[in-house]
Amino acid sequence: MSKVHVKTGDTVVILSGKDKGKQGKVLQVSPKEGKVIVEGLNIARKHIKPRNAQQQGGIVDAEAALYASKVMAVCPKCGKPTRVAHKFLEDGTKVRVCKNADCGEEF
């Protein structure tokens, strides 16, 4: 089982590709594939076939998965893209920490 550095609900910035520099919220994480789906970014067109008489077919815009290595978490306090560090608190719980020099905030 592989790990991904972002979680569902995190705000991330895209590092490369057509949406480079844009920010969005992570909707879904697939650790097995190493991919994430970001809200409103990496839009692909899907051709939908009607499954019954009442359903309408057509072309639909949907978010496509992209590799987790192409996104970087954004710190909620300083608002800058950051690498994610881990720290253990005194009670033994593990928290994620901002790696920016002037921040160091837990998120």
Side-chain angles (χ1 to χ4, degrees):
M1 196 78 152
S2 58
K3 291 186 177 182
V4 180
H5 65 282
V6 291
K7 294 182 179 181
T8 303
D10 284 352
T11 303
V12 294
V13 63
I14 307 292
L15 299 176
S16 65
K18 62 183 179 185
D19 291 325
K20 180 179 179 177
K22 294 181 182 176
Q23 289 188 6
K25 193 170 99 173
V26 176
L27 296 177
Q28 188 177 357
V29 178
S30 178
K32 194 171 186 180
E33 297 172 345
K35 294 186 176 186
V36 295
I37 295 178
V38 183
E39 184 178 31
L41 300 176
N42 198 28
I43 300 295
R45 295 201 144 203
K46 282 176 84 171
H47 295 261
I48 304 295
K49 186 176 181 180
R51 296 291 171 202
N52 54 40
Q54 290 82 27
Q55 189 178 10
Q56 186 178 1
I59 301 171
V60 177
D61 291 335
E63 292 101 352
L66 68 154
Y67 285 106
S69 61
K70 292 188 173 208
V71 300
M72 185 177 266
V74 175
C75 176
K77 183 185 177 200
C78 63
K80 296 179 186 173
T82 181
R83 289 175 293 138
V84 178
H86 293 88
K87 181 172 86 172
F88 287 97
L89 298 178
E90 294 152 4
D91 60 350
T93 58
K94 188 177 181 182
V95 293
R96 299 186 304 158
V97 179
C98 177
K99 289 278 280 189
N100 288 330
D102 56 337
C103 185
E105 183 71 21
E106 299 171 4
F107 66 98

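Worth knowing before you read on, the calculation uses all heavy atoms, side chains too, and leaves out hydrogens, waters and symmetry mates.
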request  = Please write out which residues are connected to Val95 in a hydrophobic cluster, directly or through intermediates, given that two of Ile, Leu, Val, Met, Phe, Trp, Tyr count as joined at side-chain heavy-atom separations below 4.5 angstrom.
outcome  = Leu89, Val97
request  = For Glu106, check salt bridge (Lys or Arg N to Asp or Glu O under 4.0 Å) against everything at least two apart and list the hits.
outcome  =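 Expected list: Lys87.
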key: salt bridge (Lys or Arg N to Asp or Glu O under 4.0 Å) against Lys99, all qualifying residues, sequence neighbours excluded   = none
To the nearest 0.5 Å, how far apart are [atom1] in [X] and [atom2] in [Y]?
X	Y	atom1	atom2	answer
Thr82	His5	OG1	NE2	10.0 Å
Asn42	Ile37	CG	CD1	9.5 Å
Lys25	Thr11	NZ	OG1	8.0 Å
Leu27	Glu39	CG	CD	5.0 Å

ask   = Does one hydrophobic cluster hold both Leu41 and Val13, with members joined at side-chain heavy-atom distances below 4.5 Å?
value =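 Different clusters: Leu41 never reaches Val13 through Ile, Leu, Val, Met, Phe, Trp or Tyr contacts under 4.5 Å.
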Common cluster, Val4/Phe107, ILVMFWY with side-chain heavy-atom separation under 4.5 Å = no
query = Can you list every side chain to side chain donor-acceptor pair (under 3.5 Å) pair that touches residues 46-60, not counting sequence neighbours?
reply =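 The answer is none; no pair qualifies.
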ask   = Residues in side chain to side chain donor-acceptor pair (under 3.5 Å) with Asp91, at least two apart?
value =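 Per chain and number, Asp91 pairs via side chain to side chain donor-acceptor pair (under 3.5 Å) with Thr93.
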message = So Val12 and Val38, do their side chains get closer than 4.5 Å, heavy atoms only?
response =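 Yes, at least one pair of side-chain atoms sits under 4.5 Å.
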Distance-only check: which donor-acceptor pairs under 3.5 Å involve side-chain atoms of residues 57-79, not counting sequence neighbours?
{"residue": "Asp61", "atom": "OD1", "partner": "Arg45", "partner atom": "NE", "Å": "3.1"}
{"residue": "Glu63", "atom": "OE2", "partner": "Gly40", "partner atom": "N", "Å": "3.0"}

Sidechain-backbone polar pair: Asp10 side chain, Val26 backbone, donor-acceptor under 3.5 Å = no
